[in-house]
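Report on one structure; see the data block that follows.
All values below were derived from every heavy atom in this structure, side-chain atoms included, with hydrogens, water molecules and symmetry-related copies excluded. Ligands are counted one by one from 1 in listed order, and the atoms in each one are counted from 1 as well.
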Amino acid sequence: MNGAESLLTTLINNNVDVCFTNPGTSEMHFVAALDEVEGMRCVLCLFEGVLSGAADGYARMARRPASTLLHLGPGLGNALANIHNAKKGHVPMVNIVGDHATYHLEYDAPLTSDIEGIAGPVSHWVHTSASSDDIARDAAEAVSQAGIGRIATLMLPADVSWGDNSNGPEAAVAMPQPTPVAESRVDEALARLRSGASCMIMIGGREVDNQRGLMLSRIGKASGARVCTETFPTRVARGAGSAVIERLPYLAEMAIDTIKDIEQLILIGAKEPVSFFAYPNVPSAIAPETCEQFVLARPNEDIDHVLESLLEKLDAINVEPEVYPLTLPDLPSGDLDANNAALTIAHCLPENAVVVDEAITSGLAIFPLTMTAQAHDWLNQTGGSIGWGLPAAVGAAIACPERKVVCLEGDGSAMYTIQALWTMARENLDVTVVIFNNRKYSILEMEFARTGARGGTPGPKAASTLDIGGPDMDFVSMAQGMGVQATRAATAEEFNEQFAQALQARGPRLIDAVVPTLFG
Ligand SMILES: Cc1ncc(C[n+]2csc(CCOP(=O)(O)OP(=O)(O)O)c2C)c(N)n1
């Protein structure tokens, strides 16, 4: 067995059995090993930003990491933006980065680079395997380091890959579990909840599943605290039967106003809330200065235990949670705009769908309207780096082939990683993509005004950097060119029909939804 075969076998033994790849010459022995070792599903992506976003979407839905195969420093560099998003979302990932053979590095060949230097800022753990005999142990360590929410990046020099591995692969290693939270911290939270102060519990982290939401709702009712999620929870269970929980607004001014009266903020998996960006005359911290913030559990700590313990101590086990009913809006008619499309999506969303949201401004109405739609999971953009949605939909569909994935995508965001459509077609993934084609970087028009740049009004050059029409993009042609069936909707009736049809079909479909900007 060579190093690459030993590495692959070790990954599979550790339940990492999907690899999103974009290989090069230095990875040829790894690629060869895919045919020698049984059990690794290998998914080709045509740009590294697609494969890292896919690994993110996969791990969110599978609740275990995928591996990626990247080509030296430049391949890893191309993947960085979506590794960043995964890192911010506490999503595990095992990156395997091919490198030149160890003895070749001193020659400074064209692709030689400081791979560890590139990997460091987006990884929790970085390691270069030194020999074929070490690679299996290193791979097992990488999986264990990725654990439940971290990024592990392992460099695989070509000679480590092709050299003989005399130690053989590693068996399954013990997987890290959420870190226990001391009972004294739960008691401290309880004391704050009982202090008579105005309290809010904010939940976030890798996942707010239905059970967690329901427990939080009961805790809120029993303690009188307001309950909310952070602005962009990584994965959140929503729709009929899910708990009624507020969401911290995106706009700093609104978020500040929402929690201005809170005196005690208890954080479970969520960070202390901050403004997404700095603006002149707007504070960076969202909570009022007088508010005490208490971290009850960090994202990799035992959130379930903390919630269960609070429930018990509040004697709230039999308290009825507040849940959303199933209430579907009527289908809209007339001109198509983002608000009408939201009604259609809320009306049609199938039970157990996975919604991937990178619709930016066009998604504003979809989130509240789907609150009472059929039960579904919602994946958010966690690191602010756009070009995540289409790839994440690829990964989610591979993790959950039996669930419909609905990808809500801004036209500008789509163009960063549009090649994801090709992988959807090649793998016949059950994804319905809606592109909100408003021909603008609409949110940036709003942000231009909010920052006060040039008195809030762009000049012609500035305006041209926020306008992505002319040439107007034709997403039907782009999708068809990559093997995805696609249609264009310009009226609400067309969108109703096309969205329903796409949901009924199996396999990838794209709707090019031509909408005006929300702030037009
Ligand atoms: C990697 C990266 N580059 C640039 C940006 C800045 N940015 C934020 S939103 C945005 C435009 C989004 O446009 P679109 O997806 O069409 O949505 P819309 O604003 O029109 O609703 C840009 C360029 C970013 N967040 N991430």
* Asked: Among pairs that include at least one residue of residues 486-513, which meet ring pair (Phe, Tyr, Trp, His ring centres under 6.0 Å), considering only residues two or more places apart or in two chains?
  -> Phe495-Phe499
* In the protein, what heavy atom is nearest to atom 16 (O) of ligand 1, and what distance, to one decimal place, separates them? -> Asp411 OD1, 2.6 Å
* Please indicate whether any nitrogen or oxygen in Ile443 is less than 3.5 Å from any nitrogen or oxygen in ligand 1. => yes
* Where ligand 1 meets Lys440 - atom numbers and elements under 4.0 angstrom, heavy-atom basis -> 16 (O), 20 (O)
* To do: Give yes or no for whether the N/O distance cutoff of 3.5 Å, strictly under, is met between Tyr441 and ligand 1.
  => no
* Asked: Non-hydrogen atoms of Ala359 versus ligand 1: any pair closer than 4.0 Å?
  -> yes
* Answer yes or no: does an N/O atom from Ile386 fall short of 3.5 Å to an N/O atom of ligand 1? => yes
* Asked: Do any nitrogen or oxygen atoms of Thr361 lie less than 3.5 angstrom from nitrogen or oxygen atoms of ligand 1?
  -> yes
* Asked: Any side-chain donor-acceptor pair under 3.5 Å between Thr258 and Arg226?
  -> no
* Asked: Under a 4.5 Å cut-off applied to non-hydrogen side-chain atoms, are Leu76 and Ile83 in contact?
  -> yes
* Asked: Under 6.0 Å from the CG atom of Asp330, do we count more than 12 heavy atoms belonging to anything else shown?
  -> no
* Please name the residue in the list Asn380, Asp56, Asn85 that meets the side-chain hydrogen bond (donor to acceptor under 3.5 Å, both in side chains) test with Trp388. => Asp56
* Structure fact -> atom 14 (P) of ligand 1 has as its nearest protein heavy atom Gly412 N, 3.6 Å
* Within 6.0 Å of CD in Glu402, more than 12 heavy atoms from elsewhere -> yes
* To do: Please report which non-hydrogen protein atom sits nearest to atom 17 (O) of ligand 1, along with the residue it belongs to and the distance in Å to one decimal place.
  => Ile360 CB, 3.4 Å
* Report yes if some N/O of Leu444 lies less than 3.5 Å from some N/O of ligand 1; otherwise report no. => no
* Is Arg41 close enough and on-axis enough to Phe20, meaning under 6.0 Å and within 45°, for cation-pi? -> no
* Which of the listed options, Phe436, Tyr416, Trp388, holds the heavy atom that is closest to atom 3 (N) of ligand 1? -> Tyr416
* Asked: Among Arg238, Arg403, Lys404, whose salt bridge (Lys or Arg N to Asp or Glu O under 4.0 Å) with Asp377 holds?
  -> Arg403
* Mark whether atom 6 (C) of ligand 1 lies under 4.0 angstrom from at least one protein heavy atom. => no
* Measure the distance from atom 15 (O) of ligand 1 to every protein heavy atom, then report the residue, atom name and distance (to 0.1 Å) of the closest one. => Ser413 OG, 2.7 Å
* Asked: ring pair (Phe, Tyr, Trp, His ring centres under 6.0 Å): which pairs involve residues 421-462, sequence neighbours left out?
  -> none
* Asked: What distance do Ser242 atom OG and Met371 atom CE have between them, rounded to the nearest 0.5 Å?
  -> 8.0 Å
* Is it true that Ser385 lies under 4.0 Å from ligand 1, counting heavy atoms only? -> yes
* Asked: Contact between Gly387 and ligand 1, counting heavy atoms under 4.0 Å?
  -> no
* To do: Please report which non-hydrogen protein atom sits nearest to atom 25 (N) of ligand 1, along with the residue it belongs to and the distance in Å to one decimal place.
  => Gly384 O, 2.8 Å
